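To start, the structure under review is shown below, and the notes come after it.
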Amino acid sequence: MNHEGLRPASDYLDSMIREQQRPRLVTIDEGHFDVHHPEQYGNLYSIPISSCTERDDILRWLRQLSEKPWVTPLVIEDFAKAMIRHFGVRG
């Protein structure tokens, strides 16, 4: 960090590269969002995409996921990103 409290651009770039290289904690497969356990990637929790079509459905799934002890903020972020990709949300 420099004397003005700003980080160099290379720190941001390194962070972006690490983010792109890490395994996705939520993948989409055959009509399901597969939520992977962050420490045991092979263990997953499948959520039918058809149960995520309404706003309240999505909020319910977010609440249900957040109650699981193994779900981290990164899992929630990946779930949101997977829904955004799948449903083509823009903006």
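Since the model is a prediction, treat every value here as computed from it, not as a measurement.
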Just by modelled atom types, is the [Y] backbone N or O under 3.5 Å from a matching donor or acceptor in the [X] side chain?
| X | Y | result |
| --- | --- | --- |
| Asn43 | His37 | no |
| His36 | Pro38 | no |
| Tyr41 | Arg24 | yes |
| Trp61 | Phe79 | no |

Classify the side-chain pair Asp34/Ser46 by whether it contains a donor and acceptor separated by less than 3.5 Å.
yes
Quick one, Tyr45 with His32, criterion side chain to side chain contact (heavy atoms under 4.5 Å, CB included). Give me CA distance, side-chain angles, the key distance, then yes/no.
CA-CA 9 Å; Tyr45 184 81; His32 289 85; over 6 Å; no
Give, for atom CZ of Arg63 and atom CG of Asp56, the distance between the pair rounded to the nearest 0.5 Å.
8.5 Å
Atom CG of Leu62 and atom CG of Asp57: how far apart are they, to the nearest 0.5 Å?
11.0 Å
Begin with the C-alpha distance, continue with both residues' side-chain angles, and end with the deciding distance and a verdict on side chain to side chain contact (heavy atoms under 4.5 Å, CB included) for Leu74 and Leu25.
CA-CA 8 Å; Leu74 205 50; Leu25 295 172; 4.1 Å; yes
Is there a side-chain contact between [X] and [Y], using heavy atoms and a 4.5 Å cut-off?
| X | Y | value |
| --- | --- | --- |
| Ile76 | Val71 | yes |
| His86 | Ile49 | yes |
| Trp70 | Glu39 | no |

Which pair of heavy atoms, one from Thr53 and one from Ser50, lies closest together, and at what distance?
CG2-O, 3.6 Å
Return the minimal non-hydrogen interatomic distance between Asp78 and Pro23, and the atom names on each side.
OD2-O, 4.3 Å
Are Val26 and Ile58 linked, directly or through intermediate hydrophobic residues, by side-chain heavy-atom contacts shorter than 4.5 Å (ILVMFWY only)?
yes
Can you hop from Leu65 to Leu44 via hydrophobic side chains spaced under 4.5 Å?
no
Would you mind checking if Glu77 and Lys81 are paired as a salt bridge, meaning a charged N to carboxylate O distance below 4.0 Å?
yes
